[in-house]
Amino acid sequence: APLLSSVSCSGGSLSFQVVNNFKQMNLYEGAYLVKAVYDDDSIDKTDGTFDFLPHWRQTALSVDVPSSTSRATIYVTNQFGDESSEEVSC
């Protein structure tokens, strides 16, 4: 599964770094899904795609989340369907 690191959430921004679990020579597409949870337990979802950097280099990403988010979970998937997730307080 892809490796997530440096996950943080503050000021309406969720930032993280991700590395594909396969060492590849080219850019390959990955996808993310962010579930932002508010104080009243309602949920907002944001998704998108990005390219994993080749040769196990970290890819830095930042996703805007509503400033009233209390916690968020980030899910990252590679082209083979391998998925990682991590929850963070905002």
Side-chain angles (χ1 to χ4, degrees):
L3 304 173
L4 283 163
S5 64
S6 302
V7 179
S8 66
C9 183
S10 66
S13 180
L14 173 67
S15 60
F16 57 97
Q17 295 190 11
V18 63
V19 176
N20 201 351
N21 55 318
F22 294 99
K23 186 174 183 181
Q24 297 172 305
M25 293 176 40
N26 300 304
L27 296 173
Y28 283 93
E29 188 173 275
Y32 66 85
L33 170 68
V34 174
K35 291 183 181 177
V37 180
Y38 305 108
D39 290 332
D40 65 0
D41 289 330
S42 61
I43 297 174
D44 186 39
K45 296 179 184 177
T46 303
D47 62 353
T49 60
F50 65 95
D51 289 324
F52 283 102
L53 293 176
H55 304 292
W56 282 329
R57 292 186 314 207
Q58 291 187 349
T59 303
L61 297 168
S62 181
V63 179
D64 291 336
V65 294
S67 59
S68 59
T69 300
S70 62
R71 67 184 187 280
T73 304
I74 176 75
Y75 300 87
V76 175
T77 308
N78 65 16
Q79 75 269 29
F80 301 107
D82 296 338
E83 181 181 88
S84 292
S85 65
E86 188 167 332
E87 186 172 318
V88 64
S89 296
C90 296

If you measure from [atom1] on [X] to [atom2] on [Y], what distance do you get to the nearest 0.5 Å?
| X | Y | atom1 | atom2 | value |
| --- | --- | --- | --- | --- |
| Glu87 | Ile74 | CD | CD1 | 12.0 Å |
| Leu61 | Ser6 | CG | OG | 11.5 Å |
| Glu83 | Leu4 | CD | CG | 10.0 Å |
| Glu86 | Ser5 | CD | OG | 8.5 Å |
| Asn26 | Leu53 | CG | CG | 12.0 Å |

So, for [X] and [Y], which heavy atoms are closest and what is the spacing to 0.1 Å?
| X | Y | answer |
| --- | --- | --- |
| Asp82 | Pro2 | O-CD, 3.5 Å |
| Ala31 | Phe50 | N-CE2, 3.6 Å |
| Gln24 | Gln79 | NE2-NE2, 2.8 Å |
| Cys90 | Thr69 | CB-O, 3.3 Å |
| Asp39 | Ser70 | OD1-CB, 3.1 Å |
| Glu29 | Asp51 | CA-OD1, 3.7 Å |

Open item on the list: Strictly distance-based, threshold 3.5 Å: is any side-chain N or O of Asn20 a donor or acceptor partner for the main-chain N or O of Lys23?
Closed with: no
Open item on the list: Quick check against the 3.5 Å criterion: does Thr46 have a side-chain atom that pairs as donor or acceptor with the backbone of Val34?
Closed with: no
Task: Heavy-atom check, side chain of Phe52 versus side chain of Val76, under 4.5 Å - done: yes
Open item on the list: Between Val65 and Ser13, is there a side-chain heavy-atom distance shorter than 4.5 Å?
Closed with: no
- [ ] Assess whether side-chain contact (heavy atoms from CB on, under 4.5 Å) is satisfied between Val18 and Tyr32, documenting all intermediate values.
- [x] CA-CA 10 Å; Val18 63; Tyr32 66 85; over 6 Å; no
- [ ] Quick one: list whatever passes side chain to side chain contact (heavy atoms under 4.5 Å, CB included) with Ser85, sequence neighbours left out.
- [x] Thr73, Tyr75
Open item on the list: Using side-chain contact (heavy atoms from CB on, under 4.5 Å), reason through Leu14 and Val7 one step at a time and then give a plain yes or no.
Closed with: CA-CA 7 Å; Leu14 173 67; Val7 179; 4.1 Å; yes
- [ ] For Phe80 and Phe22, run ring pair (Phe, Tyr, Trp, His ring centres under 6.0 Å): C-alpha distance rounded to whole Å, both residues' side-chain angles, the deciding distance at 0.1 Å, then the answer.
- [x] CA-CA 10 Å; Phe80 301 107; Phe22 294 99; 4.9 Å; yes
Task: side-chain contact (heavy atoms from CB on, under 4.5 Å) evaluation trace for Tyr38 with Asp44 - done: CA-CA 8 Å; Tyr38 305 108; Asp44 186 39; 3.1 Å; yes
